[in-house]
Amino acid sequence: MELDSRYDPKSSEVRWQKFWEEKEIYKYDPTSDKKVFSIDTPPPTVSGKLHIGHVFSYTQAEVIARYHRMLGENVMYPFGFDDNGLPTEILTEREKGIKGSDLPREEFNQYCKEVSKEYRGQFKELWQRLGFSCDWSSAYTTISESSQRISQRSFLDLLKKSHVEYKEDPTLWCTKCQTSFAQAEIDDVNKGSVFNYLNFKSEAGEDIPIATTRPELLPGCVAMLIHPDNSKYKQLIGQDAIVPIFNHKVKIIADEKADPEKGTGIVMCCTFGDVTDIEWWREHNLDLRICFTQSGMMNERAGEFEGLYMTKAREAIISKMLDEKIIFKQVDLDAESRIVNTHERCGTPVEYIPTKQWFIKVVENKEALIKQGEKVNWYPSYMFKRYKDWVENLSWDWAISRQRYFGVPIPVWYAPDGTVLTADESQLPVNPLVDKPLDCKGYDPESLIPERDVLDTWATSSITPQLNSRWGEPNEDKKLFPMTMRPQAHDIIRTWAFYTIVKAYYHFDEIPWQDAVISGHVIKKDQKVESQKVEGKAYERKSKISKSKDGDKFSPLKILDEFSSDTVRYWACTGTLGMDIAYDEEEIDSANKLLNKLWNSSRFAIPFIEDFNPNEKMPKLEAIDSWALSRFNNVIKQYHKSYEKYDFFPARNELVKFFWGTFCDNYLELVKDRFWNPEKRGEESAYAAKWTLYSLLLGQLKLFAPYIPHITEELYQALFKDTEGDISIHVSSFPKENDDFEDELSSRAGDLLLDLLTLVRTYKSKNSYSMKLQVDTLTVACSEDVEKALRKVDADVKAITKTANIIYQRECENPFDDKTSELSIEVKMDEDAMYRTELLGKIKPIVSALKKDAGLKAKNPIAKIYIKAEGKILKSLEEEPSSIIGVVKAREVLFNDNAMQYTATEEEGLEVAISVE
RNA sequence: GGGCGUUUAGCUCAGUUGGCUAGAGCGCCACCCUUACAAGGUGGAUGUCCGGGGUUCGAGUCCCUGAACGCUCACCA
């Protein structure tokens, strides 16, 4: 058993990652009857670069996976890639410099496959470097044949159950991507604009003023509306008005939604400028006057402006109306107050166009869907509110057809009379552009029109639990539905979580998973901003990480080059679940201290536990052993209790606190004497220390394992593999809780010992004494009870405080200033040791000066130190040459060598000299 | 404008059901090279727990109210 003096994560981490993969440590066992813990891993879209936020969020789920594996559960931790759909198309168009609409579909899809494959590789590399314990054999992609089959199965099932409908309706439309999209894909963008005040004409030729930001929609104007109580204008209600420039006639009607305070108090309704236009259009049965094409160009209704893109048309129309004095006022709207809905994938402003689309009906089932959401356990619980708010505010059914190419085809055909023909289950996955329905219902197969649209990418990623359990497939695994846990970030509650709940409800009247575990985002730690000072206090501004502004500073691969995986993982488990975290390299780096400490404490333990046989009988423990074990037992309990709520951070904190404070700072110090001086403390005592050390160290490594799997594996393999036998620490089981160690007197003794130890340490520290400086007599003033407990650990106290004699009394004559409610002390230091320290204190500055003369720094080592002294001084210094060597960093000390040139010290009769080399 | 969250040491954050003389890590100061570790150890300093009210024997924690920051939904004529 041996460990290098330093831990080298670079070589260790890769080595163990390979080992885990070869040994298939993370394989899910479908035949096992152990409790299943299944994770509905978010399949990342391959739409762009990875960033630190992915690492943060995914690591939290990964740590939980490892925790449950070590609990002995049958963990299903798959990985998925969401590669179908618009995000991939946009990425491919950008990467390859092509346009999907310009190429034959098959060719374009081929490019998409290539690009997504490349990005999948990047993702996989990252997860492996982070040591993720996914079962790669159960990885899926949303464009694979079986995913397509299950996705189409889902569509057909919903159609059969009438949750899907095909209808013509105003739809959210992107003129750039030329597709419909869903409410969840809307982004709000602040954009400045101009409010144009312009005049319509009444039939009598009077001016009727309105205000609009979108004058290019004038050719699509179908009505003017005035609030029925609008005293200024209500007399116009019922008349007709003439649209300027385009000169068609529209009615002026009353509507309470026309706010008299806004603009001029009169508003035009166009088909369609916004959602209100749609409502008016429906309520008042207005005409449909579409004035632009699906690609955002003005159509023939725009007359001379036909063929211009809408933004250009706006400029041209404004300019013309200014010339003709139709516009009589323009007001700038600043970006703050003017919010435009855009398509989140490309940033193009949303348009509303009536098209025929497939919808999944959700608006009519809001209540039931909220109830389903309620059945899920949300961590943290307030995240349910986000879900609920979203569902309550839904105003559009979920449009699932996309006029795009790289996606799961919608498995239907249309007969000439409009009848919809569906694919048969047995022919899935089907491509209507190539295949024909099995049952043509008497129509001529050649007359059928195939559906060209594909499904929204969310239509497939909303069935990840079904993909994981392989719903309807020959190898379906019913144990995997519902899944145990859905980890995801909070920004996609309205999409992914919502849609997944919708599908599980419509298909099976089930929830898709028991627990939704929601993580936060990683944000930038910005400098204080002067202008944000409020009432004298400068506030930190925190902002999202932006790829364009921050470059690849937050690229995970770059971060992993700089820091080890274990440290990045450790950092990712900082903070409260669901809360955003500031990216801070110093925080990541400080995890190294823990790794180092683990490494070194294990190194310390090796000589004592290497011949230990854990099967031998349990020894009679000393008080301090019971004390440490019972405290550790408590840590185990807290640890599991925290994990029940997915609180990996408090669990980690308790563990670290114990490891550093109790184990390293105190227990290890306490057992040294027992190991090193068995003749004084007894063989049985040494054995009890060994037994306890073994058990504590192993137990702690296991509790650390989910967070920092590499170093714990390295240490487990080096120290415990042979005696424990598990192939990897990650498939071993956690230390058992054991209340037998609870022993009131030992527990009391341990606590008192620490109090007493702190008092002595404080005493030495305040007097600038080294901790190893010997104490002649330690007088402890305390009650009889306390004395009784402390006497159990007498030997430990003596050893750790370097005390020769302890006296217990009820009171001290000259107590030390610091005391506890139960203890006060009086310390009589060892005179000889004090004297020696004094002498050393005089040697040190002179040697430093000599080193400086020789061109060295004070901390540089030297070859020899020579000391000239006699009598008491000589005798005292000769007693502990190692102290001298240590203080001046010399390799050797020599006394009274006459050949040297000595320099005097402050102490009369003491002179020193050095030789450098 | 609605809803949610946050506000605790110089920085990053913990603080369960009210019991706190408010903690940790980093940073800071002093001391200590002690046979695992100086990437260490010991000791120390630093807080109107965002402000203002209230309930209570007792409030960082509960209630009301205000502010700042963030997120989210909505408003978009």
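In the text below, chain A, chain B and the rest are named by the order of the sequence lines, each starting its count at 1.
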*Asks:* May I ask which nucleotide in the shown strands pairs with B:rU48, Watson-Crick or G-U wobble, both distances under 3.5 Å?
*Replies:*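 Looking at the geometry, B:rU48 pairs with no nucleotide.
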*Asks:* With respect to the side chain of A:S590, which nucleotide from B:rC26, B:rC71, B:rA36 is positioned closest?
*Replies:*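 It is B:rC26.
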*Asks:* Of the listed nucleotides (B:rC75, B:rG44, B:rC37), which one gets closest to any side-chain atom of A:K262?
*Replies:*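 Closest nucleotide to the A:K262 side chain: B:rC75.
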*Asks:* What is the distance, to the nearest angstrom, from the CZ atom on A:R603 to the P atom on B:rG40?
*Replies:*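 Going from CZ in A:R603 over to P in B:rG40 covers 14 Å.
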*Asks:* Can you measure A:F649 atom CZ to B:rC13 atom P for me and round it to whole angstrom units?
*Replies:*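 Value for this atom pair: 10 Å.
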*Asks:* For B:rG5, does either OP1 or OP2 sit under 4.0 Å from a side-chain N or O belonging to A:K385?
*Replies:*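 Result: no.
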*Asks:* If you count the non-hydrogen atoms of other residues, nucleotides and ligands that lie under 6.0 Å from NZ in A:K657, is the total more than 12?
*Replies:*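 No, NZ of A:K657 has 12 or fewer neighbouring heavy atoms, counting only those of other groups under 6.0 Å.
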*Asks:* Would you mind pulling out the nucleotide paired to B:rU55, Watson-Crick or G-U wobble, both distances under 3.5 Å?
*Replies:*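 Answer to the pairing question: none, since B:rU55 forms no Watson-Crick or G-U pair.
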*Asks:* Measuring from the side chain of A:M771 (C-beta onward, heavy atoms only), which nucleotide among B:rA36, B:rG25, B:rU34 has the closest atom?
*Replies:*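 For the A:M771 side chain, the nearest candidate turns out to be B:rU34.
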*Asks:* Specify the separation, in whole Å, of atom CG of A:D389 and atom C1' of B:rG1.
*Replies:*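 My rounded result for the distance is 15 Å.
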*Asks:* Quick check on RNA chain B: between A:S602 and A:R761, whose nearest nucleotide comes earlier from the 5' end?
*Replies:*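 In this pair, the answer is A:S602.
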*Asks:* Quick one: which of B:rA77, B:rA36, B:rG41 gets closest to the side chain of A:F195?
*Replies:*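 Of the candidates, B:rA77 comes closest.
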*Asks:* When you compare B:rG54 with B:rG60, how far apart are their P atoms, in angstrom units rounded to a whole number?
*Replies:*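 One P to the other, the span is 15 Å.
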*Asks:* By the 4.0 Å heavy-atom rule, please label A:D277 as base, sugar-phosphate, or nothing.
*Replies:*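 No contact.
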*Asks:* Any N or O donor-acceptor pair linking the side chain of A:R6 to the base of B:rA39 at under 3.5 Å?
*Replies:*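 Flag set: donor-acceptor pair detected.
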*Asks:* Watson-Crick or G-U wobble partner for B:rU7, using a 3.5 Å limit on both distances?
*Replies:*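 Its partner is B:rA67.
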*Asks:* With rounding to whole Å, what would you report as the distance between B:rU7 and B:rG51 at their P atoms?
*Replies:*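 Here B:rU7 and B:rG51 have their P atoms 13 Å from each other.
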*Asks:* Does A:K690, at its NZ atom, have more than 12 non-hydrogen atoms belonging to other residues, nucleotides or ligands within less than 6.0 Å?
*Replies:*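 Yes, the 6.0 Å shell around NZ holds more than 12 heavy atoms from other groups.
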*Asks:* A:W571 vs A:F56 aromatic rings, parallel, tilted or perpendicular, using cut-offs 30° and 60°?
*Replies:*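 A:W571 and A:F56: tilted rings.
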*Asks:* Need one value for A:T264: base, sugar-phosphate or nothing, where a base atom within 4.0 Å counts as base even if backbone is also close, heavy atoms only.
*Replies:*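 No contact.
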*Asks:* Report the distance from atom CD1 of A:I518 to atom P of B:rG5, rounded to the nearest whole Å.
*Replies:*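 In whole Å, B:rG5 P lies 15 Å from A:I518 CD1.
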*Asks:* Regarding A:E714 and A:S12, is there a side-chain donor-to-acceptor distance under 3.5 Å anywhere?
*Replies:*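 Side-chain D/A pair, A:E714 to A:S12: present.
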*Asks:* Within the 4.0 Å heavy-atom criterion, would you say A:C270 contacts the bases, only the backbone, or no part of the nucleic acid?
*Replies:*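 No contact at all - A:C270 keeps every heavy atom at 4.0 Å or more from the nucleic acid.
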*Asks:* Should we count NZ of A:K232 as having more than 12 external heavy atoms under 6.0 Å?
*Replies:*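 Result for NZ/A:K232: open.
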*Asks:* For B:rA30 versus B:rC69, give the span between their C1' atoms, rounded off to a whole number of Å.
*Replies:*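 Per the computed distance, 38 Å lies between those C1' atoms.
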*Asks:* Which is true for A:K657 with a 4.0 Å heavy-atom rule: it touches a base, it touches only sugar-phosphate, or it touches nothing?
*Replies:*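 Counting heavy atoms under 4.0 Å across all strands, no contact is made by A:K657.
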*Asks:* Can A:K680 and A:D673 be counted as an ion pair, charged N to O under 4.0 angstrom?
*Replies:*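 Yes, A:K680 and A:D673 are salt-bridged.
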*Asks:* Can you tell me the Watson-Crick or wobble partner of B:rG1, both distances under 3.5 angstrom?
*Replies:*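 Pairing partner: B:rC73.
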*Asks:* A:E261 near the nucleic acid: base, sugar-phosphate alone, or nothing, with a heavy-atom cut-off under 4.0 Å?
*Replies:*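 If one applies the 4.0 Å heavy-atom cut-off, A:E261 turns out to touch nothing in the nucleic acid.
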*Asks:* Considering only the C1' atoms, how many Å lie between B:rG58 and B:rG40, rounded to the nearest integer?
*Replies:*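 Between the two C1' atoms, the distance is 42 Å.
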*Asks:* Measuring to OP1 and OP2 of B:rU34, would you say a side-chain N or O of A:Q774 lies under 4.0 angstrom away?
*Replies:*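 Result: no.
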*Asks:* Just checking, is any N or O donor in the side chain of A:D187 or A:N341 under 3.5 Å from an acceptor N or O on the other one?
*Replies:*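 Their side chains do not contain a donor-acceptor pair, so the 3.5 Å distance test is not met.
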*Asks:* Can you check the distance between B:rC50 and B:rU8, where both ends of the measurement are the P atom (answer in whole Å)?
*Replies:*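 Here B:rC50 and B:rU8 have their P atoms 6 Å from each other.
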*Asks:* Output yes if the stacking criterion (under 5.5 Å between centres, under 30° between planes) is met for A:W599 over the base of B:rC37, else no.
*Replies:*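 No.
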*Asks:* Should A:W660 be listed as having a side-chain N or O under 4.0 Å from OP1 or OP2 of B:rG41?
*Replies:*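 Yes, because at least one side-chain N or O of A:W660 sits under 4.0 Å from OP1 or OP2 of B:rG41.
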*Asks:* What nucleotide among B:rC33, B:rU42, B:rC4 has an atom nearest to a side-chain atom of A:S765?
*Replies:*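 Ranking B:rC33, B:rU42, B:rC4 by closest atom to the A:S765 side chain puts B:rU42 first.
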*Asks:* Hey, are A:K766 and A:D818 close enough for a salt bridge, meaning a charged N less than 4.0 Å from a carboxylate O?
*Replies:*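 Yes, charged N to carboxylate O under 4.0 Å.
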*Asks:* With a 3.5 Å limit on both atom pairs, tell me what B:rG40 is paired to, counting Watson-Crick and G-U wobble, or say none.
*Replies:*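 Answer to the pairing question: B:rC32, which forms a Watson-Crick or G-U pair with B:rG40.
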*Asks:* Could you tell me whether A:S601 contacts a base, only the sugar-phosphate backbone, or nothing, with contacts defined as non-hydrogen atoms closer than 4.0 Å?
*Replies:*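 Base, at least one base heavy atom under 4.0 Å.
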*Asks:* Give a yes/no on whether any side-chain N or O of A:T213 is located under 4.0 angstrom from OP1 or OP2 of B:rA77.
*Replies:*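 Answer is yes, contact under 4.0 Å.
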*Asks:* For B:rU42, does either OP1 or OP2 sit under 4.0 Å from a side-chain N or O belonging to A:K766?
*Replies:*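 For A:K766, the contact criterion (side-chain N or O under 4.0 Å from OP1 or OP2 of B:rU42) is not met.
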*Asks:* Ignoring backbone atoms, test whether A:K764 places a side-chain nitrogen or oxygen under 4.0 Å from the OP1 or OP2 oxygen of B:rA30.
*Replies:*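 For B:rA30, OP1/OP2 do not have a side-chain N/O of A:K764 under 4.0 Å.
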*Asks:* Looking at B:rU34, B:rA36, B:rA14, which one has an atom nearest to any side-chain atom of A:N653?
*Replies:*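 Selected nucleotide (nearest to the side chain): B:rA14.
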*Asks:* For B:rA39, does OP1 or OP2 lie under 4.0 Å from any side-chain N or O of A:K593?
*Replies:*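 A:K593 to B:rA39 OP1/OP2: no side-chain N or O under 4.0 Å.
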*Asks:* If you measure from the C1' atom in B:rU16 to the same atom in B:rG2, how many Å do you get, rounded?
*Replies:*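 Straight-line distance between the two C1' atoms is 31 Å.
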*Asks:* Hey, does A:E392 reach any base, or is it just sugar-phosphate, or nothing, if we go heavy atoms under 4.0 Å?
*Replies:*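 It contacts nothing in the nucleic acid.
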*Asks:* For A:L668, which contact category applies under a 4.0 Å heavy-atom criterion: base, sugar-phosphate, or nothing?
*Replies:*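 The answer is base, as A:L668 lies within the cut-off (heavy atoms under 4.0 Å) of a base atom.
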*Asks:* Using a cut-off of 4.0 Å on non-hydrogen atoms, how would the nucleic acid contact of A:T276 be classed: base, sugar-phosphate, or nothing?
*Replies:*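 Touches sugar-phosphate only.
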*Asks:* When all nucleic acid strands are considered with a 4.0 Å heavy-atom cut-off, which category describes A:A605: base, sugar-phosphate, or nothing?
*Replies:*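 No contact at all - A:A605 keeps every heavy atom at 4.0 Å or more from the nucleic acid.
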*Asks:* Looking only at the side chain of A:R386 (C-beta and beyond, no hydrogens), which of the listed nucleotides B:rG40, B:rC71, B:rA39 gets closest?
*Replies:*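 Nucleotide nearest to A:R386's side chain: B:rC71.
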*Asks:* Could you work out which one of B:rA39, B:rA36, B:rC13 sits closest to the side chain of A:N592?
*Replies:*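 Nearest to the side chain of A:N592 among the choices is B:rA39.
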*Asks:* Does a side-chain N or O of A:T576 approach OP1 or OP2 of B:rA14 to a distance below 4.0 Å, or not?
*Replies:*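 Checking A:T576 against B:rA14: at least one side-chain N or O falls below 4.0 Å of OP1 or OP2.
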*Asks:* Take the protein atom CG of A:N341 and the nucleotide atom P of B:rU72, then report the distance between them rounded to whole Å.
*Replies:*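 So the CG-P distance, A:N341 to B:rU72, works out to 14 Å.
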*Asks:* Let's see if you can work this out: which of B:rC37, B:rC75, B:rC13 has an atom nearest to the side-chain heavy atoms of A:A582?
*Replies:*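 Selected nucleotide: B:rC13.
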*Asks:* Starting at the 5' end of RNA chain B and moving along, which residue's nearest nucleotide shows up first, A:T762 or A:N600?
*Replies:*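 Its nearest nucleotide lies further toward 5', so the answer is A:N600.
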*Asks:* Which atoms form the tightest heavy-atom contact between A:R314 and A:R214, and what is the distance?
*Replies:*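 Taking A:R314 first and A:R214 second, the nearest heavy atoms are NH2-NE, 4.0 Å.
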*Asks:* Measure CG/A:L3 against P/B:rC37 and give the value in whole Å, please.
*Replies:*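 Value for this atom pair: 13 Å.
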*Asks:* Mind checking the P distance from B:rC71 to B:rU65? Whole angstroms is fine.
*Replies:*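 About 25 Å, rounded to a whole number of Å.
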*Asks:* Tell me: CD of A:E216 to P of B:rA77, nearest whole Å?
*Replies:*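 Going from CD in A:E216 over to P in B:rA77 covers 12 Å.
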*Asks:* Heavy atoms under 4.0 Å, any strand shown: does A:M579 hit a base, just sugar-phosphate, or nothing?
*Replies:*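 Sugar-phosphate, backbone atoms only, no base.
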*Asks:* To the nearest Å, how far apart are A:W571 CH2 and B:rA24 P?
*Replies:*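 Interatomic distance, CH2 of A:W571 to P of B:rA24: 24 Å.
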*Asks:* I'd like the C1' distance from B:rG43 over to B:rC64, given in whole Å.
*Replies:*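 Approximately 45 Å lies between the C1' atom of B:rC64 and that of B:rG43.
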*Asks:* Does a salt bridge link A:K641 with A:E654, judged by any charged N lying under 4.0 Å from a carboxylate O?
*Replies:*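 A:E654 and A:K641: not salt-bridged.
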